Amino acid sequence: MDVNAAVAAAAAIAGLLTGVIAMLAFRVSEREQRRPTRTSLHTDPVLPPGVDTVLSVLRSSAVVLDENDGVVKASSAAYALGLVRGGKLAVEPMLKMARDTRRDGEIRQVELALPRRGTGRGEALAVSARVAPLGSRLVLLLVEDLTEARRIEAVRRDFVANVSHELKTPVGALSLLSEAVMDASDDPEAVERFAGRMQIEATRLTNLVQELIDLSRVQNDDPLEDAEPVPVDELVAEAIDRCRHQAGTKEITMAAAGAADLRVWGNRGQLAAALGNLVENAVNYSPARTRVGIAVRSVAQPGGDLIEIAVTDQGIGISDKDKERVFERFYRVDPARSRATGGTGLGLAIVKHVAASHGGEVTVWSAEGQGSTFTLRLPEARAARGRRPSERDDSEGLDGEAGGTSHPSPHSSDPSAYATLPSPEVLP
């Protein structure tokens, strides 16, 4: 009897202990489920309220790092710049700044040069990085791309330097020539010779100042405010008349052909200056007794018809490395030749800005020793069109009735319409 009672008491105690242990295990399991894990730190929202919205509208690239340098939040711009890779901040100087800021809470800023992704030419991106604490555990990194601003600053600096140099040359020459005239006051022939040189330098200075004014005007003004339908035939005739004397001196034949009665919409003065610059360059860089041609045609495009004006010469041509820079201010393919012809290096820059401000473009095709073709494309003035494009004869050659080979621009939508430039020919 005593044995049975003892067994019963032992069983009761064992059952009670089992119940207590089960309850404790349940409580521990419930507590563990409520405790945040490393994974839940990244899946649950950890940014302070409103920060995510603010970061999404910032122009700068934004990266938020946790206490383990893991990326909690990164904008698409940060990925595009290559700041974040594999969930980690990939720029070591920025990572060091973030750790220092996390340690002492100070805001830090630095400018860095980052390698440009996808290029093997060693090009660098100029960026400004700013790191600040965000709450007690997070660090905010803001990165602004300064590459374009630095490029514009360099262009402006080079422009000022080039203008100073170009102005100094004729001004210095005028000063020296005036001293020579004073010293040769008793020699009429020397005075006449020096005075002639002074006139040349004064003309060069005047042209340079005028082209600087023209370039400034086409960059700052809106040509479409005073736009009107401008007949292309009149622009071509004006450009030829402008260069008739230079062409006659070198016995260069100028010929115009192509579709007639076409009009473009824009500022007449700027369009005339742009086409005149192209024709003048063609004459200046062509050997004596060769030909300069101007071809005009209409090209149908899905967004509206374009007028193509191609100016072709049989001059020295342009090398591949120079083609990318011929539209830069003051850039000269042949500086010695430009000095001899009085060129300023601004003509093609003016053409480029006029074309862009009128919704068009200018392109170049060239081969060294064969010549060049500059093609100016401008939107057609639809209200002034007399006939449908299909009714026009766009197959006329460059030289038309004057004979010769057609050399419109090879950048046309119809490549077969243009032939390769022939070697420079000498006219009888």
Side-chain angles (χ1 to χ4, degrees), residues 33-160 219 303 324-325 327-329 352-353 356 359 361:
Q33 290 179 359
R34 292 177 179 176
R35 179 180 299 172
T37 63
R38 182 178 298 274
T39 304
S40 66
L41 283 174
H42 293 281
T43 56
D44 296 340
V46 294
L47 292 178
V51 173
D52 195 4
T53 304
V54 173
L55 296 181
S56 64
V57 298
L58 288 177
R59 297 181 60 183
S60 304
S61 303
V63 180
V64 179
L65 303 177
D66 60 17
E67 67 274 15
N68 298 311
D69 294 333
V71 176
V72 178
K73 175 74 176 179
S75 64
S76 58
Y79 286 98
L81 285 178
L83 304 179
V84 179
R85 298 176 188 172
K88 294 290 185 180
L89 185 62
V91 183
E92 187 60 32
M94 296 182 186
L95 190 59
K96 183 179 183 304
M97 288 174 57
R99 291 168 179 168
D100 293 341
T101 297
R102 187 184 299 112
R103 184 182 64 254
D104 56 26
E106 293 185 3
I107 298 176
R108 289 174 169 80
Q109 183 169 351
V110 68
E111 292 189 3
L112 300 170
L114 304 180
R116 190 186 297 269
R117 298 183 62 185
T119 64
R121 296 176 292 176
E123 297 179 352
L125 293 172
V127 299
S128 175
R130 187 178 180 87
V131 180
L134 185 63
S136 59
R137 297 186 303 108
L138 304 180
V139 174
L140 172 62
L141 171 67
L142 295 178
V143 180
E144 185 177 358
D145 187 358
L146 304 177
T147 307
E148 184 64 16
R150 293 288 184 268
R151 187 191 68 81
I152 294 175
E153 183 179 318
V155 170
R156 184 180 294 111
R157 185 170 57 250
D158 292 343
F159 178 70
V160 173
Q219 286 181 310
E324 301 177 358
R325 303 191 59 189
F327 296 103
E328 294 180 11
R329 304 164 185 167
K352 176 183 177 181
H353 284 288
E361 64 173 352

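The basis for the numbers below is simple: all heavy atoms, side chains too, and nothing from hydrogens, waters or symmetry mates. What you are looking at is a predicted structure, and each value in this text was computed from that prediction instead of being measured.
With rounding to the nearest 0.5 angstrom, the CG atom of L114 is 6.0 Å from the CG atom of L125. Here the straight-line distance linking atom CZ of F327 with atom CD of E361 works out to 9.5 Å at 0.5 Å rounding.
Side chains of E144 and S61: no donor on one and acceptor on the other come within 3.5 Å.
Taking all atoms of both residues into account, the shortest heavy-atom contact from V71 to V84 is CG2-CG1, 4.0 Å. Nearest approach of L112 to P93, heavy atoms of both residues: CD1-CB, 4.0 Å. Minimum interatomic distance between A78 and A62 (heavy atoms only, all atoms of both residues): CB-O, 3.9 Å.
At a threshold of 4.5 Å between non-hydrogen side-chain atoms, the residues L140 and V131 do not count as touching. Residues E106 and T101 fail the side-chain proximity criterion, which asks for heavy atoms closer than 4.5 Å. Side-chain contact check for L138 versus L65: every heavy-atom pair is 4.5 Å or farther apart. By the 4.5 Å heavy-atom criterion applied to side chains, R130 and L141 are not counted as neighbours. A 4.5 Å side-chain heavy-atom check between V64 and L134 finds at least one atom pair inside the cut-off. Residues Q109 and S128 are in side-chain contact: their nearest non-hydrogen atoms beyond the backbone lie under 4.5 Å apart. Proximity of V143 to V63: side-chain heavy atoms (C-beta onward) are nowhere separated by under 4.5 Å.
Looking at E111 and R150, a side-chain N of the basic residue comes within less than 4.0 Å of a carboxylate O on the acidic one, giving a salt bridge. Using a 4.0 Å cut-off between charged side-chain N and carboxylate O, D69 and R99 make a salt bridge.
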Show the numbers, then the answer: is there a side chain to side chain contact (heavy atoms under 4.5 Å, CB included) between M94 and V127? CA-CA 11 Å; M94 296 182 186; V127 299; 4.1 Å; yes

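In terms of modelled atom types and a separation under 3.5 Å, the side chain of N68 and the main chain of G70 share no donor-acceptor contact.
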